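A short write-up of the structure that comes next.
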Amino acid sequence: ERSSNWLIYDLCGIGKVSEAYFVFSILTAKGFFPTVYTYNPILLGLCKAGQIFVALAFLTSLKKKGFTPNVYTFTALVYGFSMEGLYDEAYLILNTMQADSCKPNVVTFTTIIMFLCDDGKVAEALSILDMMEGGECHADLITYNVVLHALFSNCNFSKACEIVEVMDRKGFRPDYFTFSAVVGGLLKTGYVRLANRFSLKYLDEGYEMDLVACNIFIHALYRGIGSKTAFCVLKKFLTGGFVPS
RNA sequence: UCCAGUGCGCC
């Protein structure tokens, strides 16, 4: 049964959700008992494919058979609704999931926040963040990264500074997601000099680095300080064992 | 213990 979950998980991961569902139906027809590890990946796969209503119907049928959803299950639905811009429905899930003794967690809220931001509804996203800060479910680094990404992409620097101060006060260390969100936003909006300063600062402080961050920083340096600096940084990465894509 | 959320570009 572990390996069937595995197969279903991998099928969903490569976008073959109907194949995964097919495997699921065969297995259950043979008397196999699915768990959250079996159907959650299918539900999320459906949601990511824009099939939120199929996912809903599937969940209804699971519940009828006595299978229990968990917070991952509802977070998948929240993902699906938010992705389609159906925020009222997403909010409704937050309330109705309590009937299945599930409470939304930081992932659930961060998911809505992210889609609201991408949809230009940053003020509404920030109000959810405020609500979290006032409640028992606190924002984590990913939540802040998502919000900073939106604020820097929209040149809302004053609010961004507030957030950075809150992060600092709470002891959250920025990571390469934070910096690529910040530098990427600055580059996109034309603040090349600022993007350079952030890049150099991050590089100086010897934080962790990955390919995406490397691309962004080299792009920033290339457009700002110039190709020489960018090339030096690239060279440093290459000799450090980085494999460019 | 096997399930969920964040960043560049290409498509």
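Every chain is numbered from 1, with letters handed out A, B, ... down the list of sequences. Keep in mind that what you see is a predicted model, and the values were worked out from it rather than measured.
Remark: Leu151(A) CG to Leu126(A) CG distance equals 5.5 Å, nearest 0.5 Å. Between atom CD of residue Glu19(A) and atom CD1 of residue Ile14(A) there is a gap of 8.0 Å, rounded to the nearest 0.5 Å.
For residues 102-118 of chain A, proximity to RNA chain B is found at Asn105(A), Val106(A), Val107(A), Thr110(A), Thr111(A), Met114(A), defined as any non-hydrogen atom under 4.0 angstrom from a strand atom. The stretch residues 153-180 of chain A comes close to RNA chain B through Tyr176(A), Phe177(A), Ser180(A), each having a heavy atom under 4.0 Å from the strand. Listed by residue number, the members of residues 44-73 of chain A with any heavy atom below 4.0 angstrom from RNA chain B are Leu44(A), Lys48(A), Asn70(A), Tyr72(A). In the region residues 23-34 of chain A, proximity to RNA chain B at under 4.0 angstrom, judged on heavy atoms, holds for none of the residues.
Without hydrogens or angle criteria, Gln98(A) side chain to Leu94(A) main chain gives a donor-acceptor distance under 3.5 Å.
Residue Asn5(A) places its side chain closer to rC2(B) than to any other of rG7(B), rG5(B), rC2(B).
Residues passing the ring-ring contact (aromatic ring centres under 6.0 Å, His included) test with Tyr202(A) are Phe179(A), Tyr207(A), Phe217(A), sequence neighbours excluded. Annotation: side chain to side chain contact (heavy atoms under 4.5 Å, CB included) contacts of Val182(A) (sequence neighbours excluded): Phe152(A), Leu186(A), Phe198(A).
Using a 4.5 Å heavy-atom cutoff, the side chains of Ile112(A) and Ile128(A) are in contact. By the 4.5 Å heavy-atom criterion applied to side chains, Met83(A) and Cys47(A) are not counted as neighbours.
His219(A) comes within contact range of no nucleotide atom at all, as no heavy-atom separation falls under 4.0 Å. Note on Val146(A): only backbone sugar-phosphate atoms sit closer than 4.0 angstrom, heavy atoms only; bases stay farther off.
For the residue pair Asp130(A) / Ser127(A), no side-chain donor-acceptor distance below 3.5 Å is found, with atom types taken as modelled.
A salt bridge does not link Glu205(A) with Arg173(A): every distance from a Lys NZ or Arg NE/NH1/NH2 to an Asp or Glu carboxylate oxygen is 4.0 Å or more.
The same ILVMFWY cluster, assembled from side-chain heavy atoms under 4.5 Å apart, contains both Val23(A) and Phe32(A).
Nearest heavy atoms, Met132(A) versus Ile113(A): SD-CD1, 4.0 Å.
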For a side-chain hydrogen bond (donor to acceptor under 3.5 Å, both in side chains) check, start with the C-alpha distance between Asn70(A) and Thr73(A), then their side-chain angles and the critical distance, and finish with the verdict. CA-CA 5 Å; Asn70(A) 65 7; Thr73(A) 316; 3.0 Å; yes
